[in-house]
Amino acid sequence: SSGDVSATRKQARLLLNHLGEDSQALDHCFPVPAIRVLRSALRMAQAPKNYEEARRQAESAVPKDGKHFFYACVLAYPDLAVMEAFLDGGHEVHVVLPVSPDGCPMPDEHGVSPEKLKAVLDRCASVLVASGLRAKSSVINTQYSEWLRDGSALLHAQSLDAELVMEDLLRDGAGMRLAAARISPAGYKPPMAAKERVRAILFADAVNFSRLNEDQVETFSRDFLGAIAAVIQRSMHKPLLQKTWGDGLCFVFETLSDAGQFALELRDRIVGTDWAALGLPKELSLRIALHAGPVFEIMDPVTGRTDFTGVHVSRGARIEPKTPPGQVYASENFAAMAAAQHVTDFRCEYVGQLPLAKGYGTFGTYHVTSRECRL
């Protein structure tokens, strides 16, 4: 597999470096395919009239020189037709959908039935839904999908130490062609931000809170929650919003960098405290989960305070119960966005596909650690 080849190349580089030789002298012996991001330059006014025509025109753009890895957004029927053509060409395709398959804007008059959509998506190596419960697409959700597409490709390229290729899909007479720009992962520049903003959301829960007796509840409120309040006060990465309910916490941040660094500061404070010395269970700890996505900023008519709501707020709450005590986990969305925005203040290391709480589904999950950590 490409992963095995990449791992062997990394070992060869280490040996060559140890011997004082050029660390990349044997790279040609262990070739790793580039990771390609397919950015459609087609607009609906230029699009083929139906799915089958788009499928035929896409044939001319399919690479014939071996297997490639492609990341793409499926925003409309031409995108899906291109993905099917690339799959038929033997390539590995990873797709980001702006909304759930039921909400994709692909009416039957273009020749895309729900069965066709499902058949193509089932063949893809991965399908990441940007906003699973969102009723309709929007400018911010489209851009969010593109960020996730680019960030997922960057994570893949970084894991394989592979080259990143940005491919623009262009019309070329009666067909299509690819215009490639080869760049290093470090040279990637994210798209311009829309007027609306994506926010980072942190959910946390006190582990073993249920073991507290009546006499310890006051101590918990004063010392445990007080320690969290102290982190907020001293941190340079302050949240836009903080809420508590019993043993649960919710924070919203303007940037992913702030959210990740604050989460690690909070973890270190809680893990580094001797709670037994304060009369609390020694196993008392915190599970912390991070997510990022478009949210609605509202004025809560009950509290009279600014609040944030939307499907992405609840996503973080579903990851938190799956997080080991004393650790910080993040959604695939958060990790991809952090990669797309070149956030280097912490590391996101892949854990696997985990089933989330309350039957929310199975999603890619990442372990967030400090930049120096190599666990």
Side-chain angles (χ1 to χ4, degrees), residues 2 33-44 46-132 137 141-157 164-172 174-181 191 332-333 336 364:
S2 297
I35 305 302
R36 300 174 179 271
V37 175
L38 191 59
R39 304 181 297 188
S40 176
L42 299 176
R43 298 293 181 264
M44 292 309 296
Q46 304 172 310
K49 61 183 179 181
N50 56 44
Y51 184 87
E52 288 304 321
E53 182 179 337
R55 175 66 182 78
R56 287 193 299 272
Q57 291 187 11
E59 285 289 341
S60 57
V62 178
K64 306 297 192 297
D65 57 341
K67 181 179 178 179
H68 296 272
F69 299 102
F70 283 96
Y71 282 78
C73 289
V74 173
L75 305 175
Y77 67 91
D79 302 318
L80 188 70
V82 170
M83 292 306 95
E84 185 178 30
F86 278 62
L87 288 165
D88 289 347
H91 302 292
E92 183 175 303
V93 176
H94 300 259
V95 161
V96 176
L97 293 177
V99 296
S100 65
D102 292 342
C104 281
M106 299 182 193
D108 283 343
E109 59 260 32
H110 294 303
V112 184
S113 65
E115 292 75 21
K116 167 59 76 173
L117 175 61
K118 183 179 186 303
V120 176
L121 295 180
D122 284 347
R123 297 174 59 193
C124 294
S126 68
V127 178
L128 178 60
V129 177
S131 296
S137 187
N141 205 38
T142 296
Q143 185 181 61
Y144 179 57
S145 302
E146 293 172 342
W147 268 329
L148 295 180
R149 174 201 64 196
D150 296 355
S152 297
L154 280 163
L155 289 171
H156 196 171
L164 190 70
V165 178
M166 311 301 287
E167 303 268 19
D168 285 322
L169 184 66
L170 307 173
R171 291 291 294 274
D172 188 11
M176 301 180 190
R177 63 180 176 87
L178 293 175
E332 183 176 4
N333 303 50

Identify, with sequence neighbours excluded, every residue that meets side-chain hydrogen bond (donor to acceptor under 3.5 Å, both in side chains) alongside [X].
X: Lys67; answer: none
X: Arg123; answer: Asp88
X: Ser126; answer: His94
X: Gln57; answer: Glu53, Arg171

Who pairs with Ala119 by side chain to side chain contact (heavy atoms under 4.5 Å, CB included), at least two apart in sequence or on another chain?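 Counting only residues at least two positions away or on another chain, Ala119 forms no side chain to side chain contact (heavy atoms under 4.5 Å, CB included).
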Which value, rounded to the nearest 0.5 Å, describes the distance between [X] atom [atom1] and [Y] atom [atom2]?
X: Glu92; Y: Tyr71; atom1: CD; atom2: OH; value: 7.0 Å
X: Ile35; Y: Leu155; atom1: CD1; atom2: CG; value: 11.0 Å
X: Leu38; Y: Asp79; atom1: CG; atom2: CG; value: 8.0 Å
X: Arg55; Y: Lys116; atom1: CZ; atom2: NZ; value: 8.0 Å
X: Asp150; Y: Leu164; atom1: CG; atom2: CG; value: 8.0 Å
X: Glu84; Y: Glu52; atom1: CD; atom2: CD; value: 7.5 Å

Using the side chain to side chain contact (heavy atoms under 4.5 Å, CB included) rule, pick out the option among Ser152, Cys73, Ser145 that qualifies with Leu128.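 Of all the options given, the one that passes is Ser152.
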Minimal non-hydrogen separation, [X] against [Y], with atom names:
X: Val95; Y: Cys124; answer: CG2-SG, 3.6 Å
X: Pro98; Y: Val74; answer: CD-O, 3.2 Å
X: Ala85; Y: Ala58; answer: CB-CB, 3.8 Å
X: Pro63; Y: Phe86; answer: CD-CE2, 3.7 Å
X: Leu87; Y: Val120; answer: CD1-O, 3.8 Å
X: Arg149; Y: Val37; answer: NE-CG1, 3.4 Å

Tell me, do Leu178 and Leu169 make a side-chain contact under 4.5 Å, heavy atoms counted? yes
Indicate yes or no: does Arg39 engage Glu146 in a salt bridge with an N to O separation below 4.0 Å. no
Check for a donor-acceptor pair, side chain of Tyr77 on one end and backbone N or O of Pro48 on the other, with a separation under 3.5 Å. yes
According to ring-ring contact (aromatic ring centres under 6.0 Å, His included), who are the partners of His68, at least two apart in sequence or on a separate chain?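 His68 satisfies ring-ring contact (aromatic ring centres under 6.0 Å, His included) with His91 once adjacent residues are dropped.
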